[in-house]
Amino acid sequence: MAAPMELSCWGGDWGLPSLHPECLTVMAYAKFSGAPLTVNTINNSWRAPKGDLPVLVSEDIVISQPAKILNFLRKQKYNADYDLSAKQGADTLAYIALLEEKLLPALLHTFWIEAENYCSVTKPWFASKIAFPLSLYLPGKMSREALNRILLTKGGPPLYSLTEVEAQIYRDAKECLNLLSKRLGTAQFFFGDTPTTLDAFVFGFLAPIYKVCFPRVQLQEHLKQLPNLCRFCDDILTCYFRLTVSGYSPAGQDTADANLQKLTQLVNKESNLIEKMDDNLRKSPQHPPRKLTMLKLAAGGEESSPMSRLSP
Amino acid sequence: AAEPWPENAALYQQLKEEQILLSDNASSLAVQAFLQMCNLPVRVICRANAEYMSPSGKVPFIHVGNQVVSELGPIVQFVKAKGHSLSDGLDEVQKAEMKAYMELVNNMLLTAELYLQWCDDVTVEEITHPRYGSPYPWPLNRILSYQKQWEVRRKMKAIGWAGKTLEQVLEDVDQCCHALSQRLGTQPYFFNKHPTELDALVFGHLFTILTTQLITDELSEKVKNYSNLTAFCRRIEQQYFEGHEKDSSTIAARSSKRSLLR
């Protein structure tokens, strides 16, 4: 009795099927349990997302939060936790709570609040996936919601400024990653040889940190020092998501090449901006001219955004 | 760092009979249980403005020597720095599990308690508003409780609990108790022979839920469905709280509320 099920979610990039942690969780769970979902990624169409993604539509039922979606799939007999003992089921719930409390704030911060990351990567990417004029409003709204959530849950006294809160949440996130790494050990998945709900959630949270190329990457660097978690993400990507987007094939080398390409593009962009800034400095009347021959009186009003995006 | 634990260590919370609410009582009891388990004596002092005295705005907080530390997490670390720890015997994987379960309790049980106290209109009108502002004269008592309610509702909205109905919240509590019950199984404590901070936290919340009279009994019924959890609470109460006659404030208060464990 398979009613056709459609999942709407954000698309992916950098070798991931989706950039949004909750969408990734649901997609991973569907793959693990063998549920036949047709995945619609939001692209430049007018079917604007009403409310939060991911959204599952099956006949007339519309379900919107990951936990509820997973419950629905389980009721339709697509259960990835079939072999788990009761205690392991309890552990799943506990670890998911740990992820939401300790890792999610730092993830939200890296994506939506860290100024460089937000302006150069997150906002353009999400804006390119939504139709105009919603693209002007929705990324900003998601960023404000993320900031609100972090400040309300973590920002009480004695942490009075955003920088102190940031320090605390990154510390918590690094500790959480260490705990996950210790729990995973050398096993392939968290509970034996088949992936379960917990693997879906961990993958959903870790993969964006691992794969997306941001300018400010302290969490990614910490994650890369935990090789078993990196291996865990790569395994799930190669075994369950055989992506062919941008020539990606199930080989780690290609992922690295795609990443290297993107990184090179970013570096080239930055070096172009540095050259522009140098030109600015030379043309600026306040600074003593370095090469008298190149002194020109320019408008001096190049937009200041390249200057602010580059930070030491 | 190790100054010995002084004799006059004090734990501050709100007034037990008239003012303290379910969630604060649970947190305070958890800290008291933890300190009892470490064999560290502490006096419980009730003050109407305990929330405002606390460095983080949350009760309980302890005043030891010339330091003030609030909330269970920082208190556990502070006590560890003084050389007492309950979780040293655990290996790395068990420590990870313990932290995960503590987050589960905070994430689900504590949030459910806050929801019930501040977002369920009937409970708010009849229990929370009268109790929260009771030491203060009108109109301060109303202003303070509306302010707190607004704060808690904002937080619920940010984490997505504002859209939940009471039934869904009780479902979540049931799921959480089910998980705790499965994890406890037939063992005396969560990590077999010795209690840890997780046992203190779970005891604090479950015992308070079981012994606090609310509008309906639905919340305590959810916990009572799991007999190993009620046995766990009784065991810890007998072992760590009944021998201490001088700590009469806690025992007397509990017997004045309808105690469902006796």
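Residue numbers start from 1 in every chain, and the chains themselves are labelled A, B, ... in the order their sequence lines are given, proteins ahead of strands. Owing to the predicted nature of the structure, the values given are computational and were not obtained by experimental measurement.
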Original post:
With sequence neighbours excluded, what pairs up with A:N148 under the side-chain hydrogen bond (donor to acceptor under 3.5 Å, both in side chains) test?
Top reply: none

Shortest non-hydrogen separation from [X] to [Y] and the atoms involved:
X	Y	value
A:L93	B:L104	O-CD1, 3.7 Å
B:Q182	A:A86	OE1-CB, 2.9 Å
B:A158	A:L152	CB-CD1, 3.7 Å
A:D91	B:Y101	OD1-OH, 2.6 Å
A:K182	B:V93	O-CG2, 3.7 Å

Using a cut-off of under 4.5 Å on heavy-atom pairs, state which of [options] scores highest against chain A.
options	value
B:A100, B:C176, B:G160, B:A179	B:A100
B:Q175, B:Q94, B:E97	B:E97
B:K155, B:M108, B:E92	B:E92

If you count every heavy atom of other residues, nucleotides or ligands that lies below 6.0 Å from [X] atom [atom1], does the total exceed 12?
X	atom1	answer
A:K87	NZ	yes
A:K123	NZ	no
B:H194	NE2	no
B:K148	NZ	yes
B:D88	CG	yes
B:K80	NZ	no

**OP:** Residue by residue, scan residues 166-173 of chain B and write down, ordered by number, those that have a heavy-atom distance under 4.5 Å to chain A; if none do, write 'none'.
**Re:** B:Q168

Subject >> Distance in Å, A:D172 CG paired with B:K99 NZ, rounded so as to fall on 0.5 Å steps >> reply: 10.5 Å

**OP:** Rounded to the nearest 0.5 Å, what's the gap from OH on A:Y95 to CD on B:E103? Could you check?
**Re:** 12.0 Å

Subject >> Proximal component of A:Q88, with respect to chain B [non-hydrogen, under 4.5 Å] >> reply: neither

Subject >> Top contributor to chain B interface from A:L180, A:N178, A:L99, A:L98 [non-hydrogen pairs under 4.5 Å] >> reply: A:L98

